[in-house]
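Reviewing the structure listed below.
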Amino acid sequence: MPELPDLEIFAVNLEKRFKNKTLEKLEVIVPKRLNVSETELKEALEGHQLQAVLREGKTMQLHFGGGNVLGLHLMLHGEIRLVEKDDQVKFRIIEFHFKGDNSFALTDFQKMATPTLNPEPSEVPDALSKDFTITYLKELLSKKKIQIKTLLMDQHLIRGIGNTYADEILWHTRISPFSIAKAIPEKKVKDLYQGIEEVLRKEIMQLTRAIPDSFNAEVKDFLKIHNPDLKHSPTGHEIKIDKIGGRKTYYTDEQVQYNL
DNA sequence: TAGAATGTTACAGG
DNA sequence: CCCTGTAACATTCT
């Protein structure tokens with residue numbers, strides 16, 4: 001479900017709660033989702049401490065002692081759920097049992113959330129990483145004839161932005177989501193570049209305060225556009241709803257549409 | 001109650 | 001082969 005800002009917070013909070021705890025037992029409920037055998041996964045992780053939880057694109061990476069990393073992708077509906085003693089959580093994919101009755105599970109009613117042992121490092125820049133540069137964005141846009149929103153959401157091009165924050169970023173920069181990428185003037189591409197970082201970082205700051213402990217809350221409080229409860233943008237313009245790539249898209253007529 | 005849901009990918013068509 | 005757009009995945013919630 002979540003995008004970059006949410007996952008950033010979840011990773012921090014998960015680390016806060018489970019750092020330095022030893023993984024006593026790993027329970028695999030849906031082995032089909034693994035990239036290695038159940039045995040291999042258990043051998044790699046069981047008995048080791050959780051040293052860090054980091055966000056990478058739309059995944060969280062659990063770093064364990066022994067040098068192994070487990071990537072977790074939540075996909076559309078996946079969640080990290082705390083499991084209380086003797087509690088049965090629905091839709092589990094895998095469950096982590098730490099020493100001292102501390103457990104959490106990766107769940108997904110759609111069974112699509114994916115644990116990956118030692119994921120390959122990606123070549124694609126994360127939206128908040130140093131290698132996501134203005135030069136990279138300019139070059140990328142100049143080559144693409146697709147709508148800008150589709151481009152922002154393509155994880156093979158930029159990692160971390162999804163349906164919600166694509167809308168937020170595009171409203172923030174006053175660019176219509178229907179704009180064709182290569183038609184956007186260079187000056188506006190710079191706004192877009194800055195807007196991506198501004199919107200994401202501000203959201204991370206606000207979520208940090210709002211959910212200091214949660215690793216699954218869905219907080220819509222700070223969204224300005226992509227929120228069905230809102231009728232108007234902060235500047236008083238009517239929010240319109242349309243579809244791009246089968247996905248709901250929120251925008252206003254404050255946003256300029258650039259076409260070829 | 002039918003449709004939408006903060007995602008990804010296989011596949012079709014150009 | 002490259003580029004782009006669409007449908008499907010399974011279940012819950014409104």
Using a 3.5 Å cut-off and no angle test, enumerate the donor-acceptor pairs between side-chain atoms of residues 29-37 of chain A and protein atoms at least two apart in sequence or in another chain.
| from | atom 1 | to | atom 2 | distance (Å) |
| --- | --- | --- | --- | --- |
| Arg33(A) | NH1 | Lys111(A) | O | 3.3 |
| Arg33(A) | NH1 | Met112(A) | O | 2.9 |
| Asn35(A) | OD1 | Leu117(A) | N | 2.9 |
| Asn35(A) | ND2 | Leu117(A) | O | 3.1 |
| Ser37(A) | OG | Glu40(A) | N | 3.0 |

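- Evaluation of the salt bridge (charged side-chain N to carboxylate O under 4.0 Å, His left out) test over residues 233-251 of chain A, restricted to residues two or more places apart or in two chains, returns none.
- Pairs of residues two or more places apart, or lying in two chains, that qualify as side-chain hydrogen bond (donor to acceptor under 3.5 Å, both in side chains) and include a residue from residues 135-147 of chain A are Lys138(A)-Glu186(A).
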Between the protein and nucleotides 4-8 of chain C, list the N/O to N/O atom pairs that are separated by less than 3.5 angstrom.
| from | atom 1 | to | atom 2 | distance (Å) |
| --- | --- | --- | --- | --- |
| dT4(C) | OP1 | Lys145(A) | N | 2.9 |

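- Membership of the apolar cluster around Val89(A) extends to Val83(A), as traced through chained side-chain contacts below 4.5 Å between ILVMFWY residues.
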Expected rows: protein N/O vs nucleotides 11-13 of chain B N/O, under 3.5 Å:
none

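- For dG7(B), one of the phosphate oxygens OP1 or OP2 lies less than 4.0 angstrom from a side-chain nitrogen or oxygen of Lys58(A).
- Stems are defined here as 3 or more consecutive Watson-Crick or G-U wobble pairs with pairing distances under 3.5 Å; those involving DNA chain B are B:2-5 with C:11-14, B:7-14 with C:2-9.
- A distance of about 16 Å separates the P atoms of dA10(C) and dC11(B), rounded to the whole Å.
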Under 3.5 Å, which N/O atoms of the protein pair with N/O atoms of nucleotides 11-14 of chain C?
| from | atom 1 | to | atom 2 | distance (Å) |
| --- | --- | --- | --- | --- |
| dT12(C) | OP1 | Lys90(A) | NZ | 3.3 |

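- Other cluster members for Trp171(A): Ile225(A), Leu230(A), Ile239(A), Ile241(A), Tyr250(A), joined by side-chain heavy-atom distances under 4.5 Å among Ile, Leu, Val, Met, Phe, Trp and Tyr.
- Straight-line distance from the CE atom of Met112(A) to the P atom of dT9(B): 9 Å, rounded to whole Å.
- For Arg201(A), the side-chain hydrogen bond (donor to acceptor under 3.5 Å, both in side chains) criterion is met by Glu197(A), not counting sequence neighbours.
- dT6(B) and dT4(C): their C1' atoms are spaced 23 Å apart (whole Å).
- Contacts with DNA chain B (heavy atom under 4.0 Å) in residues 152-173 of chain A: Gln155(A), His156(A), Gly162(A), Asn163(A), Thr164(A), listed by number.
- Residue pairs meeting the side-chain hydrogen bond (donor to acceptor under 3.5 Å, both in side chains) criterion with at least one member in residues 56-75 of chain A, sequence neighbours excluded, are Glu56(A)-Arg159(A), Asn68(A)-Asn118(A).
- Using the six-membered ring where Trp is involved, Phe18(A) and Phe215(A) have ring planes that are tilted, between 30° and 60° apart.
- Taking atom CD of residue Glu3(A) and atom P of nucleotide dT6(B), one finds them 8 Å apart after rounding to whole Å.
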